[in-house]
Amino acid sequence: MSLKFTNSLSKKKEDFITINPNQVKIYCCGVTVYDLCHLGHARSYLNWDVLRRFLIWKGFKVKFVQNFTDIDDKIIKRAKKEGCSTDALSERNINEFHKDMDTLCILRPDCMPRATKCLHQIINFIEELEEKKIAYSTNGDVYFSVDKHINYGKLSGREIENQINNAAGRLKTNQEKNKKNSLDFALWKKSNSDEISYSSPWGQGRPGWHIECSAMVKQELGESIDIHLGGSDLIFPHHENEIAQSEACNGKELAKYWLHNGMVNVGGEKMSKSLGNFTTIRSLLDEDISPMALRFFVLQTNYRKPLDFTEEALKAASKGWERLNNCLSFGHIHKIKDQDIYEINLDKPIKRTVNDKLDKDSFKLLSDFEKYMEDDLNTSGALSILFELSQPIRKFINLLKEKDINEVEQDNLNQVFNKWQLLTELALVLGLKVNLKERTQKNKQEVDIQRIEELIENRSLAKSNKDFILADKIRNELKNMGIDLIDKPRGVTEWKQLSD
Ligand SMILES: [Zn+2]
């Protein structure tokens with residue numbers, strides 16, 4: 001099996017072949033920093049963080065660039081409302097962005113250019129387009145001529161003619177009246193006299209939104225890159241326009257692969273600022289949801305699908321994470337004599353280790369994990385492998401309730417330890433980092449959890465012995481304790497508390 005991604009350009013799952021051997025250049029559209037980030041942002045950046053970690057684990061050299069849009073209409077409006085400068089507002093929200101992303105263990109990009117710090121590159125880019133007669137200036141604004149670019153619409157599949165007809169019915173703003181074609185988009189916008197502005201060959205103004213990404217990609221990564229990332233809401237017009245600008249200017253394909261994540265839905269509607277149904281990352285984490293539980297919740301859904309957000313689903317994910325965290329804690333808690341303790345820096349992306357001490361079952365799970373991830377980043381499949389791998393560890397933890405660790409046979413101990421090392425490594429590929437504090441804090445409630453785990457083990461055993469009467473009896477016993485069981489493929493059983 002080889003690495004495959006669904007490319008939005010071809011709408012097909014394609015083999016991933018890099019431009020330069022073993023190197024991956026990635027650009028991801030960043031946030032407009034006028035406010036705090038919401039769950040939609042967390043979803044997007046968590047998915048791309050896993051993509052990056054997986055590529056590094058596979059041995060690729062990755063350069064990851066993500067921008068900050070620190071000047072636009074929303075920023076100007078918000079700064080005016082708060083009575084501060086756009087710079088001060090952007091600076092504050094960039095700091096808050098870093099806090100949220102760091103909490104969620106999202107690796108910082110290698111480079112994070114800001115629009116206001118790249119004005120020179122942006123202006124040069126627009127000038128090149130003007131020289132090529134693909135852009136025109138009118139009254140202090142500069143527009144991109146969509147009909148001068150043959151492939152306009154290749155990403156979104158929208159046809160120019162239809163678009164023009166649609167746009168013709170709309171009421172035009174004053175600025176739009178200066179355009180030659182209703183689909184032409186702004187590369188440079190003339191500023192109102194009371195707004196922040198920057199000097200340019202076309203007078204005082206500021207860059208349009210799309211041009212900054214084209215200029216930054218060229219500046220930081222070159223004319224062609226391997227992967228361009230973003231939310232599916234950016235396909236049109238943002239990404240379509242990025243392609244038009246870059247390819248018209250450079251005469252080269254901007255990106256080989258375009259990956260887009262699905263949206264977060266609340267009650268069947270897209271979560272967005274404009275609909276007012278958004279939940280900020282900050283408020284979720286304040287409500288006692290651990291950052292890793294949030295990561296776990298997001299990764300349960302594959303990146304391209306819509307993610308349905310409900311309190312219940314989030315709570316169930318917290319339970320799942322708690323169980324996994326319990327197993328991930330194992331090797332850190334039991335410092336075993338003569339054991340080669342796996343010393344890894346949990347804050348750095350991990351490279352694949354060659355572990356020849358693994359037993360056959362573990363090797364199989366390792367290869368299944370890789371197959372899932374290679375198949376367009378199937379994170380839900382990858383998580384099911386983590387659970388399978390954690391089963392023998394959980395069993396061992398239960399055994400330690402009756403037996404001292406020093407009484408356990410060395411071979412047995414080594415085997416469990418090797419499994420734990422592998423579990424730790426694979427969890428880190430998904431950016432799931434053990435939280436020892438969380439475990440100790442929850443220890444008091446774990447009496448029950450451990451009893452539940454025991455009963456689930458007994459039920460699995462009864463099922464494998466074809467003693468279905470006993471298996472049902474155990475299921476009922478758990479039901480009486482308020483626990484519902486969900487049987488998943490590969491013999492994995494998950495549980496959740498029945499709501500009152
Ligand atoms: Zn962009």
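Hydrogens, waters and symmetry mates are skipped; everything else that's a heavy atom, side chains included, is used. For ligands, and for the atoms within them, numbers begin at 1 and follow the listed sequence.
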**Q** With the Zn ion (ligand 1) as the reference point, give the N/O/S atom of Glu242 that is nearest.
**A**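 Distance check against the Zn ion (ligand 1) picks out OE2 in Glu242.
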**Q** Looking only at N, O or S atoms in His238, which is nearest to the Zn ion (ligand 1)?
**A**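 The atom in question is NE2.
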**Q** Under 2.8 Å from the Zn ion (ligand 1), can any N, O or S atom of His210 be found?
**A**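 False for His210.
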**Q** Look at atom NZ of Lys61 and say whether more than 12 heavy atoms of other residues, nucleotides or ligands are closer to it than 6.0 Å.
**A**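 Open.
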**Q** Are Trp48 and Tyr303 an aromatic pair by the rule of ring centers under 6.0 Å?
**A**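 Yes - the distance between ring centres of Trp48 and Tyr303 falls below the 6.0 Å cut-off.
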**Q** Check the pair Arg114, Glu91 against salt bridge (Lys or Arg N to Asp or Glu O under 4.0 Å), reporting the backbone distance first and the verdict last.
**A** CA-CA 11 Å; Arg114 303 180 188 189; Glu91 196 60 44; 3.0 Å; yes
**Q** From the Zn ion (ligand 1) out to just under 2.8 Å, does an N/O/S atom of Cys29 turn up?
**A**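 Yes - counting backbone and side chain alike, Cys29 has an N, O or S atom under 2.8 Å.
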**Q** Parallel, tilted or perpendicular, judged at 30° and 60°: which one describes the rings of His239 and His260?
**A**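 Judged by the thresholds at 30° and 60°, the geometry between His239 and His260 is tilted.
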**Q** For the aromatic rings, using the six-membered ring if either is Trp, is the centroid distance between Phe68 and His98 under 6.0 Å?
**A**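 Ring centres of His98 and Phe68 closer than 6.0 Å.
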**Q** With a cut-off of 2.8 Å, does Glu212 put an N/O/S atom close enough to the Zn ion (ligand 1)?
**A**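 Coordinating: no.
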